[in-house]
Chemist: 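First, the structure itself, so that you have it in front of you.
Keep in mind it's a predicted model, so treat the numbers as computed, not measured. Numbering of residues begins at 1 and proceeds along the displayed sequence. Computed from heavy atoms alone, side chains included, the values below leave out hydrogens, waters and symmetry copies. Indexing begins at 1, ligand by ligand and atom by atom, following the structure's order.
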Amino acid sequence: MKKEYLVYKLSDEVKEACKIPRETFVKYGVKRGLRNEDGSGVLVGLTNIGNVIGYDRAEDGTLKPCPGRLYYRGYELDDLVSPVLKEKRFGFEEIAYLLLSGKLPDKEELVAFQGLLNDNMALDHRTIVHIIDIEGSNIMNILSRCVLEMYTLDPNPDDISRDNLMRQSIELIAKFPTIVAYAYNIYRHSVQGSSLHISHPKENMGIAENFLYMLKHDYTDLDARTLDLLLIIQAEHGGGNNSTFTVRVTSSTRTDTYSSIAAGIGSLKGPLHGGANIKCINMFHHLKEAVSNWTSVDEIDTYLNRMLHKETYDKSGLIYGIGHAVYTMSDPRAVELKRLAGELAKEKGRLKEYEFLKLIEEEGVKCVTAFRKSDKPICANLDFYSGFIYEMLGLPQEIYTPIFAMARIVGWTAHRIEELNFEGRRIIRPAYKNVQIQKTYVPLDKR
Ligand SMILES: CC(=O)SCCNC(=O)CCNC(=O)[C@H](O)C(C)(C)COP(=O)(O)OP(=O)(O)OC[C@H]1O[C@@H](n2cnc3c(N)ncnc32)[C@H](O)[C@@H]1OP(=O)(O)O
Ligand SMILES: O=C([O-])CC(=O)C(=O)O
C-alpha cells in the first residue's frame with residue numbers, strides 16, 4: 001500500500017468510526033454541548049467573577065427570554081463603562097484591578113497598579129528574537145508560542161500559590177499587547193515587505209494607548225479611548241464561555257499558568273468563539289461585493305439564505321456575529337458597540353456602510369430564526385460590530401482576535417486564580433458514555 005494514500009484511507013475509515021446519531025444523545029440523556037433541552041447551559045461551577053444573564057426563569061422553570069445583562073464582580077457593565085465615557089478617561093486598568101481582586105481600586109491603588117503593569121510591558125530580548133526568527137502568519141498562534149516560552153523565562157513557573165499566580169497574571173496582562181504589536185509588525189515586514197519597527201512600550205502610558213503606539217504611532221486620543229472601551233467590554237464573560245472554561249478545566253489539574261493560558265488562546269481563536277470577529281468583517285466585505293443594492297431587504301435576505309444553505313461565503317452555513325449560547329433578546333456588549341460604531345461611522349464618513357451592516361444584523365437575525373425553526377430568540381453578539389470599529393480605527397484584521405485575547409487575559413487569569421483557591425476545589429472530570437458495541441479481537445494474519 002502506498003504510504004501517501006494512507007492518510008486518506010484512515011480518514012475515510014474514521015468517517016464511520018465518528019458516527020454517533022443525534023438521537024443517541026436524547027436516548028441516554030446526554031447534554032449535547034453541555035446544554036439542557038431548552039438551550040441553557042448545564043451548571044458546572046460557581047463563581048464570584050462575571051455574571052452573564054440572557055434569560056430569566058418562570059415559576060414553572062421554563063426559560064423566559066430577557067434583554068441581556070452583564071456584571072463584573074457584581075457591578076453592571078454599563079455602570080462601569082458610563083463614568084469612563086463621561087470623564088473621557090482610560091478604564092481598562094481599573095477594570096483589570098476589579099476583576100483580579102474583586103474590589104474597585106482607590107486612586108492610589110490604581111496609580112500603583114498602572115505603574116506595575118507598565119513596568120512589566122517590555123519583553124525579554126529572547127522572546128523578541130524568537131518572534132523575529134520564527135515569524136508566522138497567525139498572531140494567535142504566535143501569542144500562544146510566546147506564552148509557552150514565558151514558562152522557561154519564569155524563575156518560579158510551577159508555583160500555584162496565590163501570590164505567585166497574581167504576579168504571573170499581572171505579567172501576562174502587561175505583556176500581551178507588546179507581543180501582539182511586535183508579532184504583527186514582524187508579520188507585516190516579512191509578508192507585506194513594509195519596513196520593520198520595534199518600539200519599546202512608553203512609560204506613563206496605559207495599555208490601550210501603548211498598544212497603538214507600539215503598533216503604528218499614528219493614532220488619535222479618540223482611537224486610544226475607543227480601543228480602551230473595547231478592551232473593557234471584552235475582558236470577562238463568566239466561567240462558561242469556551243476559552244475561560246478551558247482555562248478553568250486545565251487549571252483544575254494544577255498545571256502551570258502558561259500551559260493553561262495557551263489552551264485558552266487556542267480556544268478563543270476558533271471561528272465560533274473569538275475568531276468570529278475576523279469571520280464577521282470578512283463576511284461584511286463579501287456582502288458589500290455580493291449585494292448590489294445595500295438597501296434592498298429582498299436581495300440581502302436571498303443572499304443570507306444562500307449562506308445558511310452553505311452555498312456561499314465560507315460555506316459553513318453560519319451567519320457570523322449572530323447567535324449566542326446565553327443571550328436571547330440582546331447582547332449588552334453588541335448594543336454598546338452598535339451605538340459606538342454609529343458614532344464613529346459618522347465621524348469617519350462611513351454611514352452608508354454602517355446602515356448596510358445594521359440591515360444585515362436585522363435580516364440576519366430574522367433569517368437564522370426562520371432557518372433553525374426554534375422559539376428561542378436570537379440576537380447579534382459582541383463580534384458583529386467589533387471588527388467594523390477596529391477597521392475604522394485603522395487596525396488590520398489579523399489582530400482582531402488577538403485584541404480580544406489582550407482583553408480576555410484578565411478574565412482568564414481571574415478565573416484561574418479562583419479555580420485554584422476556592423474551598424472544596426476538585427479536578428474537573430465529567431463522563432462520556434461509550435456507545436461502541438464490543439468487538440472480538442481478530443489476530444493480524446486473519447484480518
Ligand atoms: C465572543 C463569542 O464567542 S460570541 C459568538 C461568536 N460566534 C459566532 O458569531 C458564530 C455564529 N454563531 C454561532 O455559531 C452560534 O450562535 C454560537 C456558537 C455562538 C452559539 O451556538 P449555540 O449555543 O449552539 O446556539 P443555539 O443553541 O442558540 O442554536 C443552536 C442551533 O442554531 C444554529 N445557529 C445558531 N447561530 C447560528 C448562526 N449564526 N448561523 C446559522 N445557524 C446558527 C446552530 O448551528 C444550532 O443548530 P443545530 O441545533 O442544528 O446544531
Ligand atoms: O459567552 C460565550 O459563550 C461567548 C462570549 O460571548 C464571550 O466569551 O465573550
Side-chain angles (χ1 to χ4, degrees), residues 22-23 25-26 31-42 47 49-55 63 65 68-70 72 77 230-248 264-265 267-284 304-310 313-334 336-337 360-361 363-387 400-401 403-405 407-412 415:
R22 264 182 188 235
E23 315 78 74
F25 287 85
V26 182
K31 316 273 188 181
R32 194 169 58 93
L34 281 181
R35 236 66 69 71
N36 299 306
E37 276 303 296
D38 60 8
S40 61
V42 171
T47 182
I49 310 171
N51 191 8
V52 185
I53 300 175
Y55 45 82
L63 197 135
R69 298 195 305 279
L70 176 57
Y72 288 176
L77 180 63
L230 273 129
L231 294 178
I232 293 175
I233 284 177
Q234 298 178 88
E236 156 64 0
H237 213 237
N241 69 81
N242 197 293
S243 54
T244 305
F245 189 53
T246 300
V247 169
R248 291 202 75 130
I265 296 171
S267 157
L268 190 72
K269 183 189 171 194
L272 297 191
H273 192 14
N277 59 16
I278 295 178
K279 283 286 188 182
C280 232
I281 194 72
N282 279 327
M283 178 183 87
F284 183 45
L304 291 177
N305 276 306
R306 288 187 60 209
M307 283 175 64
L308 289 171
H309 284 95
K310 304 188 180 175
Y313 184 45
D314 68 354
K315 300 190 177 159
S316 64
L318 293 172
I319 299 177
Y320 291 95
I322 304 290
H324 197 273
V326 183
Y327 295 126
T328 52
M329 289 165 72
S330 59
D331 175 339
R333 305 163 302 172
E336 177 62 24
L337 293 188
I360 296 170
E361 178 199 348
E363 295 312 305
V365 166
K366 286 186 204 156
C367 291
V368 175
T369 304
F371 187 76
R372 67 189 197 134
K373 296 183 184 66
S374 159
D375 292 341
K376 191 180 134 196
I378 201 164
C379 61
N381 62 51
L382 162 76
D383 289 323
F384 194 84
Y385 287 99
S386 62
Y400 292 0
T401 319
I403 292 175
F404 197 157
R408 189 54 61 86
I409 180 62
V410 176
W412 290 339
H415 279 275

Chemist: Heavy-atom contact under 4.0 Å between Arg333 and ligand 1?
Modeler: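 No.
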Chemist: Who's touching ligand 2 if we go heavy atoms under 4.0 Å?
Modeler: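 Contacting ligand 2 under 4.0 Å are His237, Asn241, His273, His324, Arg333, Phe404, Arg408.
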Chemist: I'd like to know if atom 47 (O) of ligand 1 has any protein heavy atom within a distance of less than 4.0 Å.
Modeler: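 No, no protein heavy atom sits under 4.0 Å from atom 47 (O) of ligand 1.
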Chemist: Measure from atom 14 (O) of ligand 1 to the protein's non-hydrogen atoms and state whether any distance is below 4.0 Å.
Modeler: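 Under the 4.0 Å cut-off, atom 14 (O) of ligand 1 does have protein heavy-atom neighbours.
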Chemist: Does the protein place any heavy atom closer than 4.0 Å to atom 5 (C) of ligand 1?
Modeler: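 Yes, there is a protein heavy atom closer to it than 4.0 Å.
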Chemist: Between Asn381 and ligand 1, does any nitrogen or oxygen pair lie at a separation below 3.5 Å?
Modeler: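 By distance alone, the answer is yes.
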Chemist: For ligand 1, note which part of Lys279 has a heavy atom under 4.0 Å away: side chain, backbone, both or neither.
Modeler: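 It is neither part, as no heavy atom is under 4.0 Å.
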Chemist: Which one holds for His273 and ligand 1: side chain close, backbone close, both close, or neither close, with close meaning a heavy atom under 4.0 Å?
Modeler: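 For His273, backbone and side-chain atoms both sit under 4.0 Å from ligand 1.
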Chemist: Is the shortest distance from atom 31 (C) of ligand 1 to a protein heavy atom below 4.0 Å?
Modeler: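 There is a protein heavy atom less than 4.0 Å from atom 31 (C) of ligand 1.
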Chemist: Residues two or more places apart in sequence or in another chain: which of them pass salt bridge (charged side-chain N to carboxylate O under 4.0 Å, His left out) with Arg248?
Modeler: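 Arg248 satisfies salt bridge (charged side-chain N to carboxylate O under 4.0 Å, His left out) with Glu418, Glu419 once adjacent residues are dropped.
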Chemist: Among Asp383, Leu268, Thr401, Thr246, which residue satisfies the side-chain contact (heavy atoms from CB on, under 4.5 Å) criterion with His273?
Modeler: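 Of all the options given, the one that passes is Leu268.
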Chemist: For ligand 1, does Ala325 get within less than 4.0 Å through its side chain, its backbone, both, or neither, judged by non-hydrogen atoms?
Modeler: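 Contact part for Ala325 vs ligand 1: both backbone and side chain.
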Chemist: Is any N or O atom of Leu318, backbone or side chain, closer than 3.5 Å to an N or O atom of ligand 1?
Modeler: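 No - when backbone and side-chain N and O of Leu318 are compared with those of ligand 1, no distance drops under 3.5 Å.
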Chemist: Tell me which protein heavy atom sits closest to atom 51 (O) of ligand 1, plus the residue, atom name and distance to 0.1 Å.
Modeler: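 That would be Arg22 NH2, 3.2 Å.
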Chemist: Only one of His309, Lys366, Met307 passes side-chain contact (heavy atoms from CB on, under 4.5 Å) with Phe371; say which it is.
Modeler: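 Only one option passes, and that is His309.
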Chemist: For the residue pair Tyr55 / Asp38, report whether a side-chain donor-acceptor contact shorter than 3.5 Å exists.
Modeler: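 No, Tyr55 and Asp38 have no side-chain donor paired with an acceptor closer than 3.5 Å.
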Chemist: For atom 28 (O) of ligand 1, which of Arg372, His324, Met283 has the closest heavy atom?
Modeler: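 Going through Arg372, His324, Met283 one by one, Arg372 has the nearest heavy atom to atom 28 (O) of ligand 1.
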Chemist: What protein heavy atom is closest to atom 27 (O) of ligand 1, reported as residue, atom name and distance in Å?
Modeler: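 I find the closest protein heavy atom is Lys376 NZ, 3.6 Å.
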Chemist: How far is atom 12 (N) of ligand 1 from the closest protein heavy atom, and which atom is that?
Modeler: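 For atom 12 (N) of ligand 1, the nearest protein heavy atom comes out as Ile322 O, 2.9 Å.
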Chemist: Closest non-hydrogen protein atom to atom 10 (C) of ligand 1, residue and atom name please, with distance?
Modeler: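 Checking every protein heavy atom, the shortest distance to atom 10 (C) of ligand 1 gives Tyr320 CD2, 3.9 Å.
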Chemist: Nearest to atom 37 (C) of ligand 1, what protein heavy atom do you find, and at what distance?
Modeler: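 Nearest protein contact, heavy atoms only, for atom 37 (C) of ligand 1 is Val368 CG1, 3.8 Å.
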Chemist: Protein heavy atoms: any of them under 4.0 Å from atom 17 (C) of ligand 1?
Modeler: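 No, there is none.
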Chemist: With nothing but distance in play, are any N or O atoms of Leu272 less than 3.5 Å from an N or O of ligand 1?
Modeler: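 The answer is yes, given that Leu272 and ligand 1 share an N or O pair closer than 3.5 Å.
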Chemist: Just need the protein heavy atom nearest to atom 23 (O) of ligand 1, so name the residue and atom and give the distance.
Modeler: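 Heavy-atom neighbour on the protein nearest atom 23 (O) of ligand 1: Arg35 NH1, 2.6 Å.
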Chemist: Could you identify the single nearest non-hydrogen protein atom to atom 19 (C) of ligand 1 and state the distance to 0.1 Å?
Modeler: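 Sorting protein heavy atoms by distance from atom 19 (C) of ligand 1 puts Gly323 O, 3.7 Å first.
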Chemist: Is Ile319 in polar range of ligand 1, meaning some N or O pair under 3.5 Å apart?
Modeler: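 The answer is yes, given that Ile319 and ligand 1 share an N or O pair closer than 3.5 Å.
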